[in-house]
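Here the structure is laid out as structure tokens; the discussion comes afterwards.
Indexing begins at 1, ligand by ligand and atom by atom, following the structure's order. If you read the sequence from its start, that first residue is 1, and numbering goes on from there. Computed from a prediction, not measured in an experiment: that's the story for all the values here.
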Amino acid sequence: SASLKSSRADPVMSKQEMQRYDGADFSWSKEVEQQLKDSFHLSKFRPLQLRAINLSLSGKDLFLVMPTGRGKSLCYQLPAVCSKGFTLVVTPLVSLMEDQIMYLKSIDVSAVMLNASSSKEHAKTVMAGMTDPKTPFKLVYVTPEKIAKSKLLMSRLEKGYNANLLSRIAVDEVHCCSQWGHDFRPDYKLLGILKRQFPKVPLLGLTATATSSVLKDCEKILCVSQPITLTSSFNRTNLYYEVRIKDSDASISDVASLINSRYKDQSGIVYVFSQKDAESVSSELQKRDILAYPYHANMDPDDKSRVHRKWTSNKIRVVVATVAFGMGIDKPDVRFVIHHTISKSIENYYQESGRAGRDDQPADCIIYFGFSDIFRISTMVVMENVGQQKLLQMVDYCQNIDRCRRSLMAVHFDEVWDDEGCNQMCDTCRHAKDYTTVDITQHARQVVQILELAGSMDEKLTPLKLVEAWMGKGPAKRRKMIQTTTLSRLQAEAVIVRLLLQGYLREDFSFTPYTTYFYMKLGRKAPLLKSQTHTLSMKMRTTESGSAGDTSAFETNEKEDDIIFEPVVMDNSCPPQPKQKLFKEQRN
Ligand code: ADP
Ligand code: MG
Ligand code: ZN
């Protein structure tokens, strides 16, 4: 990613000094490079990783703020492997620990864990290992509770420290220290003991979401003085974000013609909802002369890696994939990621769409936002605790044309947003003038009346039935009793989604042994519509065509020519600074 934010002034280091840490002339550099390839099987570092690793190996205390999935763990795992002794890793969840241990095992890095359910026997072995000069493991994962409650652990750590075997302390999800963060854990509050007892050991705090005030708080709680903070912004400046309304009949040919024209001879991913969709969409694309192949979890492992390999070597242009296509994908020149179905959360979307443009060249991220897809995914995530809430945030991202797409993501990732940060690289910024605000109060009342009527007849309406009833389709008996709408189908759907997002409607599930049904019900705000003074409005697209206009990352906006650009340093070891228009620069 090209986007590094330098918002937090660094108290200890100048820019030049900092750049040294992107380099490879340290005594450990050779080993770092070698372990990256041999142990971790990775070809190169992602932005900020090498800098973080070099800083940590230099003994600096460090806070690393990086979006989920960008590779924070490597920043302590790799130093652990390159250091004498062992690294102590504090992790809030046992499941996170288990994942990491399993992964490390698979790459032959020895790691152990201590948590409430560790057996006495196991704990004993681990504790003994902490003072063993031959260090039988490189990483020890512990829960904060262990640190807080186990005097034995602290005494062993102290012995290890005195023997110079405690090489590093990593605190994962470091925002949990702060009560102002969104995920406060009381036991994190006590972790200051580590730095107080082991002042010479460098500490590395990692998080995906922390505002500077939360970080300041963490700094105090952990008793580190003036740590260096590295922040990689979520903002991928070279990606153009767009949402198109999915008209189920037209969407495939729309996707195909995009791929055949705008992305001619370029490589990309089309994400779909299900295995069946992967098969059908790829065969539709093939019919239109596109070299597309499906990829999903149920495929034979050999077929999967064949598709992956061929795509990586550009023998296949498009992979039509479920979310199973994710792990280990690091193709740099992906020019488009099209979501034929929305993702189940903004985090997921960020990660999936983020596979575009890793080479920092312009790339497009397009979502086809379809009404019925919301409910398909809804029934899928119904069992997850906050699944529904996360899905609705995703839906809000798609429907909201009041605001820049990036600003919506920024809010989501708890990042301070600056309106300049988008640079017209999203559809809502580029097409604001094509939207109009419409009063939808009357429409909302009609929808509420239909649901009231259905309720009085003891009938449950699925979202689809609700739209159809409103459009004047369905049983004659009902048709006579309701006010049908003058809106087009897509507009009617948009209004219903809006009402759902704002709490005028809500979802209601019903389980049968075979399926989950999804019904629409009146939400907590529905009674407000009884008041004559209550009004509701929303922005709508003035064009029916779905997208507001046919634009992308690849179009340079001529009007912007008078803006002066900073020169771009295209050097892997030094990622370019934000707000540069890479796509323009490279054309000049
Ligand atoms: P985070 O903790 O930031 O959410 P992880 O450390 O769990 O992210 O890493 C997410 C994924 O990224 C892992 O699958 C990891 O193997 C992969 N990854 C990390 N660094 C690199 C890299 N330099 N190149 C390719 N993949 C990487
Ligand atoms: Mg992590
Ligand atoms: Zn924008």
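Residue-ligand proximity, K44 to ligand 1, at heavy-atom distances under 4.0 Å covers atoms 22 (C), 23 (N), 24 (N). Close approach of ligand 1 to Q49 is summarised as follows: ligand atoms under 4.0 Å from at least one heavy atom of the residue are 19 (C), 20 (N), 21 (C), 22 (C), 23 (N). Close approach of ligand 1 to G71 (heavy-atom distance below 4.0 Å) involves ligand atoms 1 (P), 3 (O), 5 (P), 6 (O), 8 (O), 9 (O), 19 (C). Against a heavy-atom cut-off of under 4.0 Å, F45 is close to the following atoms of ligand 1: 23 (N).
Side-chain contact annotation: T91 with Q100, donor-acceptor N/O pair under 3.5 Å absent. For the 3.5 Å distance criterion, the side chains of S343 and N348 fail to qualify, holding no donor opposite an acceptor.
Atom NZ of K216 sits in a sparse spot, with 12 or fewer heavy atoms from other residues, nucleotides or ligands closer than 6.0 Å.
One finds the CD atom of E173 at 5.0 Å from the NE2 atom of H175 (value rounded to the nearest 0.5 Å). The distance from the CG atom of L42 to the CD atom of Q35 is 12.0 Å, given to the nearest 0.5 Å.
With a cut-off of 2.8 Å, the protein N/O/S atoms near the Zn ion (ligand 3) add up to 4.
Ligand 1 has no N or O atom lying under 3.5 Å from any N or O atom of Y103, backbone or side chain.
At a 4.0 Å cut-off, at least one heavy atom of R46 sits close enough to ligand 1 to count as contact.
Here the closest heavy-atom approach between residue S83 and residue P79 is recorded as OG-O, 2.7 Å.
You'll find the ring centres of F325 and H308 inside the 6.0 Å limit.
Salt bridge annotation for R335-D333: absent, with no cationic side-chain nitrogen under 4.0 angstrom from a carboxylate oxygen.
Comparing S73, A208, S232 against atom 7 (O) of ligand 1, the shortest heavy-atom distance belongs to S73.
Tested against D427, the residues R405, R406, R403 include a single salt bridge (charged side-chain N to carboxylate O under 4.0 Å, His left out) partner, R405.
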